[in-house]
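Throughout, protein chains are lettered first and strands after them, A, B, ... in sequence-line order, and every chain is numbered starting at 1. These values consider heavy atoms only, across backbone and side chains, with no hydrogens, waters or symmetry-generated copies. Note that the coordinates shown come from a computational prediction; the quantities given were computed from them, not determined experimentally.
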Amino acid sequence: MNTPYSPKDIEKKWQEIWDAERAFEVGEDYSKPKYYALVEFPYPSGQGLHVGHPRPYTALDIISRKRRMQGYNVLFPMGWDAFGLPTENYAIKNHVHPKTVTQNNVAHFKAQLKSLGYSFDWEREVNTTDPEYYKWTQWIFLKLFKKGLAYKTQMPINWCTSCKVGLANEEVVNGKCERCGGEVVRKVKSQWMLKITEYADKLLEGLDHVDYIERVKVSQKNWIGRSVGAEVDFKLSGKEDVLRIFTTRPDTLFGATYMVISPEHPLVEKYKEEITNYGEVAAYREQAAKKSDFERTELAKEKTGVVMGGISAVNPVNGKEIPIWISDYVLMTYGTGAIMAVPAHDGRDWEFAKKFGLPIIEVVAGGNVQEAAFTDVETGKLVNSDFLDGLEVKEAKEKIIAWLTGKGIGKQKVNFKLRDWVFSRQRYWGEPIPVVHCEKCGYVPLPESELPLMLPEVDSYMPTDNGESPLAAMTDWLNTVCPCCGGPAKRESDTMPQWAGSSWYFLRYIDPKNKEAFAGQEALKYWLPVDWYNGGMEHTTLHLLYSRFWHKFLYDEGLVPTDEPYKKRTSHGMILGENGEKMSKSRGNVVNPDEIVAEFGADTLRTYEMFIGAFDLSASWSQEGVRGCRRFLDRVWKLQDSLVDGDGYRKELETRMHQTIKKVSLDFEALKFNTAIAAMMSLINDFYKAGKVTKGEFSTLLLLLSPVAPHMCEELWQLVGNAGRVYAQTWPEYDEAKTVEDEVEIAVQINGKVKATVKVGTEDAQEAAREKVMADDTVAGILSGKNIVKEIYVKGRIYNIVVK
RNA sequence: GCCGCAGUGGCGGAAUGGCAGACGCAGCAGACUCAAAAUCUGCCGGGGGCAACUUCGUGCGGGUUCAAGUCCCGCCUGCGGCACCA
C-alpha cells in the first residue's frame, strides 16, 4: 500500500521545484519553433481571485504545457492590468495610496495564481501602473498624437454622476455606469479622443484573415457597423445653404415627405432669427439635452418632435418643398445628424408621420404603406418615382446615385456606427497624458526624453466637484514650461482610460525589460503574432477592438511586423453560482478558489473547471462535481498499487491506449477538455477492470493528464521510477492504424429501427457484413416472408434493411 | 426590435446525419465494518410486462432522408450583447 494522495504536500513541493529549475522560463533560442499563448491579464481587485479566473488560465496552461512537450519554445506570460476605478475608490475611502493598494492586491493575486501551478514565465510579469511600463503607453500615445489620431474636442460625453468621470459610450450599460452602476447623464467637456474611426475599414477587413471564433467576428462586424448609402444635399428653400443628409435608401428619394434633424444640429443655432417658433424649438432642445442617452432611447416608444417654422427644404428630385422637423430620434453622432424621412419605407419615419399627420407616399410597390412601412428591399419595384419607375431597389440605388453625382448634389458614402474613442478620464489612477497646453503653441507633446511622465503625489484622490481630475489641483506639477517656445504652459490633468495599458501589453511580454524600446524588433519578429488568445466575450467589442486598432497603427508606423496582433481568438463561458446565477457577494453564492485548493488541491480545481462543461458555455458550480474530480485523481493515484512491469501496452489495451491518446490530443486543441477528461476516466476504469496496469500504460496516462493535473503527475512520474520531469517529456504519439479495432459491433436496423446488433470486421465490405447480418436469428426471423426493398451499409456503423 | 448563444434523464453534460443519454454527480442495492465515513461491485429516462421483450422519448409544429438531438421551414422559452444607426 502506498501513501494516500495528499495534494497539500505534493503541490507546494513541485511548485518550488519548477521555480528552482526555471522550468517555464522562455528560451531565447530563436531557431526553435515558437508558440505564443495569451490569456487576458486580470485587474487585481481587492477581492482576490474568483473561480472564474482559473477557467481560461487552466485552458491555455494545458495548451502551453502540451506545446512545450511537442518541442515548442512557448511564451505564456502573466501580468496586471492595475490602473482602474475600484483601486482608486478604495484609496479614497481608506486614505491609502493607490500604489500601495495595487501592490497588496498584486501580491495576493500572484500567490493565488502560483498556488494553482500555472506554467507562467514570471520573469516576464508586467504591470500597467509601473512607470517603466506606462512610459511606453505614453510613448505610443505621442505617436498617435503626432499622426493626428489623438485630438481634443468639445464633446457631449457620458458623465457618471457618481464616479464624476466621463465614460466612453462603450462603458455605459443601460444608461448606468458600467463600473459603479451610477446614473449617467450628458455633459459637454473638452476631451481627448482617439480616431479609431480612421481604422474602421482596416479593422473590418482584417477580420477576414484571422482565426477568431465566429461570434467574436460577428460582434466586431456589428460594432463597426459599416453601411453603404449616399449623402444628399437638400437645398434650403430660398437660401444658399444646404442640409446634408445620409441615407441607406437613396432609391426612395421621391418618397421623402419631410426632413428631421437632431436637436443639436447647428442649423437651429444658425437660423435662430428666422425660425418662427424658436421658443418652442429651444424648449424642445433644452428638454432633449437634459435627457441622458438612455432616457432618450427609453422614451422613444412615443416619438416626440417639433416642426421648425419658417424654414423648409427642397427635394432635389422633384423640387417639392418639404418641412424640417426636429426630433431626438435622430442622433447628432451618426451620419450627418439629419435625415430625409420616407415614412412609406422606414419604420421610425412611419411612426413619426402617423403621429404628426405627415403624408406617406409609396415609392416601392409591394406592401400597404398606410398599414405599415414597407422595408423589403428584395422584392419591391419602384413606383411614383419618375425615371426610377419599374426598377428594382438595387438598380434604383445605382441609378439615383449616378444621377446625384452627375448633378453634384450627392454621392455614394460609407458610414460606420463605430465612434471615436473618448480617451480622457478625470481621475488620478491612470497614465498621465504627456501633453502640455501652451497659450501660444496650443497642445504640445512632451519630448520622448521626458517620459515617463510620472504621476505626482497628491493629497486627495477625489476628483474635484467641477469634474477636473485631482491632478488639476496640483499646481506645482500642473504649471510647467512649453517644450516648444519655453513660455508658461499647463500640463494635461486628465489621465488615460484603463483600456490604454491593455491595448499593447502582449507586446511588452515579448521583451519586458527593454529600456530602449517597447520591445526589440528581433524579438517582435520572432514572437508575433500571438498564436492563441483567449478571453471573455465581454471584451470583444472594447479591449479586443482597441488593441487591434493600436496594433494596426503600430504596424503602419513600421514598429511591429504583423498587421494583426492575434492569430486566433477564443472565448470561455462564465462560471455561475451553484444556483445558476452570476456569482456575487450580494447573492451569497461566491466560491473562493483558495478554499477549494485547501480542501481538494489545485489539481482537483483545475480538473474540475475543465470538466465542468463545454468551455465556451457558461456553467454552474457544483461542490459535488468537485468531489467527483477529486475521486478521479484519487483513483489515478491508487493505480500505483496495480502497477505491473512492462514498458509497452498490453495487446488487449493497445487500441484503447491509441484511441485515448488521439482523443485527448485532439480534444485539447478543440478546447473540449470535458470530453478529453472523460476519455481518461474511461481509460482508468478499464485499468481497474483489468486489475492491473503496466508501467508503460500508466506513464502514458500521466503524460496525457499532466497538463491538467501537473503536480500529481510529476509526483507519480517520479514514484513509479521514471527519469526526468513530466513537463520535459515528449507528448505521446498515436498510431492511426492502431486506433481501430479489428471487429466492431454494429446495429442492424429494419425500416430504421434497431432490431439487433452483430459483430462484423471493421474492414468488411457490404457483402461480408451482409452474410453476418443475415446469419443473425432475430434478423432472419423478422425478414422471413418480407420483401427486401433496399439495404444500406455504413462501414463500422450500421446496416439498415428496408422491407415491405 | 435587432444580433449572438442555448434548450437532451433527478442534476452537470456526451453524441463526423448512423445503437440517444459517453463521462461525472446524486440516488438505490450489495461487499467491507461492531457501526459510520471512505473505498469496492452492481443497477439507474418514462409507460407496459414475471420475463425474453415492447412502446414512447432530445422545447413545440411541419418537412427532407433508408435513417434526424444533428439538416430545412415556421414558432416558443431562457441567457448574453446592442438598441430610434437613417
Can you tell which of B:A86, B:A22, B:C66 lies closest to the side chain of A:A678?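 Out of B:A86, B:A22, B:C66, the nucleotide with an atom closest to A:A678's side chain is B:A22.
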In residues 743-752 of chain A, which residues come under 4.0 Å of RNA chain B by heavy atom?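 Result for residues 743-752 of chain A: A:E745, A:A747, A:Q749, sorted by number.
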Identify, residue by residue, the members of residues 335-347 of chain A with a heavy atom below 4.0 Å from RNA chain B, and return them in order of residue number, or none.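 Residues of residues 335-347 of chain A under 4.0 Å from RNA chain B: A:I339.
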Is the base of B:C84 touched by the side chain of A:K303 through a donor-acceptor pair closer than 3.5 angstrom?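 A donor-acceptor contact between them is present.
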Each nucleotide of nucleotides 2-9 of chain B classed B (base within 4.0 Å of a protein heavy atom), S (only sugar-phosphate) or -, in 5' to 3' order, makes -SSS----
Can you tabulate the close N/O pairs, meaning under 3.5 Å, that link protein atoms to atoms of nucleotides 39-48 of chain B?
{"from": "B:U39", "atom 1": "OP1", "to": "A:R631", "atom 2": "NE", "distance (Å)": "3.3"}
{"from": "B:C40", "atom 1": "OP1", "to": "A:R635", "atom 2": "NH1", "distance (Å)": "2.7"}

For [X], which contact category applies under a 4.0 Å heavy-atom criterion: base, sugar-phosphate, or nothing?
X: A:F632; answer: nothing
X: A:K663; answer: nothing
X: A:G628; answer: sugar-phosphate
X: A:I801; answer: nothing

ring-ring contact (aromatic ring centres under 6.0 Å, His included) with A:H539: which residues, sequence neighbours excluded?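 With neighbours one apart ignored, the set is empty.
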Honestly, is A:K638 close enough over A:Y5, meaning NZ or CZ under 6.0 Å from the six-membered ring centre and within 45° of the axis?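 The answer is no; the distance or angle limit is not met.
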What pairs of residues pass the salt bridge (Lys or Arg N to Asp or Glu O under 4.0 Å) test when at least one of them lies in residues 222-233 of chain A, not counting sequence neighbours?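 Non-adjacent pairs meeting salt bridge (Lys or Arg N to Asp or Glu O under 4.0 Å): A:D201-A:R226, A:E231-A:R244, A:E231-A:K411, A:E231-A:K413, A:D233-A:R244.
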Mind checking what makes salt bridge (Lys or Arg N to Asp or Glu O under 4.0 Å) contact with [X], not counting sequence neighbours?
X: A:E736; value: A:K662
X: A:E763; value: A:K795
X: A:E538; value: none
X: A:D634; value: A:R630

Tabulate below the donor-acceptor pairs under 3.5 Å that side-chain atoms of residues 673-683 of chain A make, not counting sequence neighbours, or state none.
{"from": "A:T675", "atom 1": "OG1", "to": "A:D667", "atom 2": "OD2", "distance (Å)": "2.8"}
{"from": "A:T675", "atom 1": "OG1", "to": "A:K672", "atom 2": "O", "distance (Å)": "3.1"}
{"from": "A:S682", "atom 1": "OG", "to": "A:A678", "atom 2": "O", "distance (Å)": "3.4"}

How far, in whole Å, is B:U58 from B:C3 if one measures between their P atoms?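 Each nucleotide's P atom is 28 Å from the other's.
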Distances for protein N or O near nucleotides 30-32 of chain B N or O, under 3.5 Å:
none

